[in-house]
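Since we're looking at a predicted model, the values are computed, not measured.
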Amino acid sequence: MSFTLQFTPSVSTPLSSSLSSSIHTSKSTFSLHSTLFFNSQIYHNPLHHVQIRASSTDTASTTELDAVSAFSQIVPDTVIFDDFQKFPPTAATVSSSLLLGICGLPDTIFRNAVEMALADSECYGLENSDARLSCFFNKALVNVGGDMTKLVPGRVSTEVDARLAYDTHGIIRKVHDLLRLYNDINVPPQRLLFKIPSTWQGIEAASLLESEGIQTHLTFVYSFAQAAAAAQAGASVIQIFVGRIRDWARNHSDDPEIESAQLRGEDPGLALVTKAYNYIHKYGHKSKLMAAAVRNKQDLFSLLGVDYIIAPLKVLQSLKESVASPDEKYSFVRRLSPQSAAKYVFSDEELVKWNQTSLTEAMGPASVQLLASGLDGYADQANRVEELFGKIWPPPNV
């Protein structure tokens with residue numbers, strides 16, 4: 001049975017008009033990356049998966065999407081506003097990018113969540129402008145996240161300010177603040193993840209938060225050292241960007257980890273996901289692994305068995321439209337499994353207890369540059385949100 005979200009057009013208020021005019025964004029062209037993804041583990045049942053299914057009345061035929069969904073959770077890399085009927089989301093991410101999208105499209109069902117944040121008495125009572133904008137930002141993330149939990153069955157991952165990426169205690173304080181706000185609107189912590197960049201400070205923060213029972217989602221993982229350290233920290237979800245690593249390798253050199261994969265005839269992004277998966281499963285870590293920036297069907301087929309695969313809509317559409325014939329055995333083989341992980345051999349250097357020094361020394365140019373680029377992008381989006389909120393505040397009647 002498909003899960004469908006209905007968007008009901010509504011009349012614009014003065015605030016929604018100001019939101020719309022502050023960002024010149026077209027509904028047909030605005031793009032948010034990796035907005036919707038993975039199912040919840042809130043019942044702590046590793047066999048429980050909410051699969052993406054094509055909305056088809058022909059139950060006799062099996063599509064490629066059905067076939068690959070037997071091995072991994074296949075999830076859409078899509079905007080929050082489109083394609084819900086074709087590819088119903090099972091969970092969501094709330095981010096600064098998403099807030100910019102909502103402000104640019106004020107007729108969405110999330111418009112009121114942002115309006116209410118900007119009218120919050122706790123925030124507008126703050127005299128310090130930076131503190132006031134930060135309060136608005138937090139409230140908007142949580143208000144939208146709270147609405148999301150009513151629309152999707154799985155967990156909602158909330159972005160933690162990337163400008164805190166090198167501040168362990170700042171990350172923890174931010175997560176506690178967000179969790180308190182979620183508690184105020186009766187969203188249980190089991191429905192939540194907190195998306196943290198995989199700097200050493202972010203990994204350290206994730207470890208401390210997980211020890212409190214707070215679920216974390218470590219992102220911007222571009223090296224085995226980051227993935228292993230994140231697994232040792234007990235992160236609930238670890239996200240690796242396959243395509244971004246491949247793109248870097250095409251235009252750069254002198255990264256030992258990437259060159260080692262290439263000498264073995266392997267794609268470096270796919271190789272990192274495989275190695276991280278094997279490490280997690282061979283040594284009994286609880287983390288779930290997410291492969292993002294998957295570019296084509298062959299990437300997806302090569303990763304079958306990993307917990308989550310974020311795929312572009314064009315790939316999902318192709319899978320949905322392709323009928324899997326019984327003799328297409330080669331296409332649908334589980335590539336990653338606990339059984340294969342048990343046979344994988346790691347070096348002594350890879351089995352260390354990771355700390356800040358060893359992580360820094362092990363990260364090559366690719367992971368250093370890609371991490372910095374990702375942080376710059378997230379920080380820029382956060383700055384843009386606060387700049388926008390500063391322009392449109394105070395809203396009418398405040």
Side-chain angles (χ1 to χ4, degrees), residues 160-176 194-212 214-242 244-245 248-249 252-263 268-269 271-290 341 344-379:
V160 176
D161 195 336
R163 295 169 295 186
L164 300 172
Y166 293 98
D167 181 353
T168 299
H169 297 293
I171 293 170
I172 292 172
R173 284 193 298 270
K174 178 65 73 173
V175 170
H176 286 164
F194 293 94
K195 191 174 183 180
I196 299 170
S198 293
T199 58
W200 172 254
Q201 292 79 6
I203 293 169
E204 189 175 42
S207 177
L208 294 169
L209 291 165
E210 291 282 351
S211 71
E212 299 176 20
I214 299 171
Q215 300 176 108
T216 60
H217 167 193
L218 284 174
T219 189
F220 295 150
V221 173
Y222 298 107
S223 66
F224 174 75
Q226 287 175 289
Q232 289 180 3
S236 295
V237 175
I238 299 170
Q239 184 171 358
I240 295 174
F241 293 87
V242 175
R244 295 184 192 177
I245 297 171
W248 190 95
H252 303 82
S253 59
D254 298 325
D255 186 290
E257 189 170 349
I258 286 178
E259 290 181 349
S260 176
Q262 291 172 328
L263 286 173
L272 178 56
V273 173
T274 300
K275 190 172 185 178
Y277 177 93
N278 290 338
Y279 179 82
I280 289 167
H281 285 269
K282 182 167 185 173
Y283 296 105
H285 296 289
K286 73 168 190 175
S287 304
K288 301 297 182 183
L289 191 61
M290 175 187 298
Y344 194 92
V345 178
F346 292 89
S347 68
D348 292 340
E349 292 79 9
E350 292 168 336
L351 297 179
V352 299
K353 174 64 177 174
W354 293 95
N355 56 37
Q356 184 171 5
T357 300
S358 60
L359 179 69
T360 301
E361 292 175 348
M363 288 176 63
S367 54
V368 170
Q369 293 173 24
L370 289 169
L371 173 61
S373 175
L375 290 175
D376 288 346
Y378 272 33

Peer 1: With the side chain counted from C-beta on, respond yes when Y222 and M363 share a heavy-atom pair under 4.5 Å apart, and no when they do not.
Peer 2: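 Result no, sub-4.5 Å side-chain heavy-atom pair not found.
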Peer 1: I'd like to check the side chain to side chain donor-acceptor pair (under 3.5 Å) partners of H176; sequence neighbours left out, ordered by chain and number.
Peer 2: E212
Peer 1: Indicate the atoms forming the closest heavy-atom contact of G202 with I171, along with that distance.
Peer 2: CA-CD1, 3.7 Å
Peer 1: Is the backbone of G364 close enough, under 3.5 Å, to the side chain of S367 for a donor and an acceptor to pair up by distance?
Peer 2: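 Yes, S367 side chain to G364 backbone: donor-acceptor pair under 3.5 Å.
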Peer 1: Is the ring pair Y279/H285 parallel, tilted or perpendicular, if the boundaries are 30 and 60 degrees?
Peer 2: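 Y279 and H285: parallel rings.
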Peer 1: Ignoring hydrogens, what is the shortest heavy-atom contact between P365 and D254? Give both atom names and the distance.
Peer 2: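 Taking every non-hydrogen atom into account, CG-O, 3.6 Å.
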Peer 1: So E257 and P268, do their side chains get closer than 4.5 Å, heavy atoms only?
Peer 2: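 A side-chain contact under 4.5 Å is absent here.
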Peer 1: Could you state the interatomic distance from CG (D167) to CZ (R173), rounded to the nearest 0.5 Å?
Peer 2: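 Here the rounded value is 5.5 Å.
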Peer 1: Please list, chain by chain and in numerical order, all residues satisfying ring pair (Phe, Tyr, Trp, His ring centres under 6.0 Å) with F194, sequence neighbours excluded.
Peer 2: none
Peer 1: Determine yes or no for a side-chain-to-main-chain donor-acceptor pair under 3.5 angstrom, with Q239 supplying the side chain and V221 the backbone.
Peer 2: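 Judged by distance alone, no pair lies under 3.5 Å.
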Peer 1: Calculate, to the nearest 0.5 Å, the distance between atoms NE2 and CD1 belonging to H217 and I238 respectively.
Peer 2: 10.0 Å
Peer 1: Whether the side chain of S358 engages the backbone of N355 through a donor-acceptor N/O pair (distance < 3.5 Å, no angle test) should be reported.
Peer 2: yes
Peer 1: Please report the interatomic distance OH(Y277) to NZ(K282), rounded to the nearest 0.5 Å.
Peer 2: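 Here the rounded value is 14.0 Å.
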Peer 1: Is any side-chain heavy atom of L359 closer than 4.5 Å to one of I203?
Peer 2: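 Yes, at least one pair of side-chain atoms sits under 4.5 Å.
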Peer 1: Is there a donor in the side chain of S373 and an acceptor in the side chain of D376, or the other way round, less than 3.5 Å apart?
Peer 2: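 S373 vs D376: no donor-acceptor pair found between side chains.
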Peer 1: Is there a donor-acceptor pair closer than 3.5 Å between any side-chain N or O of S287 and the backbone N or O of V237?
Peer 2: no
Peer 1: Do the side chains of W200 and T360 get nearer than 4.5 Å, heavy atoms only?
Peer 2: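 Counting from C-beta outward, T360 and W200 never come under 4.5 Å.
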Peer 1: Is there side-chain contact between L371 and Q226, with heavy atoms separated by less than 4.5 Å?
Peer 2: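 Of all side-chain heavy-atom pairs linking Q226 with L371, at least one is under 4.5 Å.
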Peer 1: Could you tell me whether a side-chain N or O of S211 sits under 3.5 Å from a main-chain N or O of L208, the two making a donor and an acceptor?
Peer 2: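 Checking the backbone N and O of L208 against the side chain of S211, a donor-acceptor pair under 3.5 Å is found.
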Peer 1: Within the 4.5 Å heavy-atom criterion, are F224 and L272 side-chain neighbours or not?
Peer 2: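 Yes; the side chains approach each other to less than 4.5 Å.
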Peer 1: How many angstroms lie between atom CD1 of I280 and atom CG of L289, to the nearest 0.5 angstrom?
Peer 2: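 Going from CD1 on I280 over to CG on L289, the span is 4.5 Å.
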Peer 1: Taking N278 for its side chain and Y344 for its backbone only, find out whether a donor-acceptor pair lies under 3.5 Å.
Peer 2: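 A pair under 3.5 Å: no.
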Peer 1: Considering all heavy atoms of both residues, which atom of H281 and which atom of A341 are nearest to each other, and what is their separation?
Peer 2: CB-CB, 3.8 Å
Peer 1: Applying side-chain contact (heavy atoms from CB on, under 4.5 Å), can you list everything that pairs with Q201, at least two apart in sequence or on another chain?
Peer 2: Y166, T168, T199, Q356
Peer 1: Any side-chain heavy atom of S236 within less than 4.5 Å of one from K288?
Peer 2: no
Peer 1: When you measure from the side chain of K174 to the backbone N and O of D161, does any donor-acceptor pair fall under 3.5 Å?
Peer 2: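 Checking the backbone N and O of D161 against the side chain of K174, no donor-acceptor pair under 3.5 Å is found.
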Peer 1: For the atom pair CD (E349) and CD (E361), what is the distance rounded to the nearest 0.5 Å?
Peer 2: 12.0 Å
Peer 1: For residues T216 and A235, report the shortest heavy-atom separation together with the two atoms involved.
Peer 2: OG1-CA, 3.5 Å
Peer 1: List the steps and the verdict of side-chain contact (heavy atoms from CB on, under 4.5 Å) for I245 and I240.
Peer 2: CA-CA 9 Å; I245 297 171; I240 295 174; 4.1 Å; yes
Peer 1: Please state whether the rings of W248 and H252 are parallel, tilted or perpendicular, taking 30° and 60° as the class boundaries.
Peer 2: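 Because their plane-to-plane angle is under 30°, the rings of W248 and H252 count as parallel.
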Peer 1: Can you tell me if Q232 uses its side chain to pair, donor with acceptor, with the backbone of V352 under 3.5 Å?
Peer 2: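 Pair found, side chain donor or acceptor close to backbone of V352.
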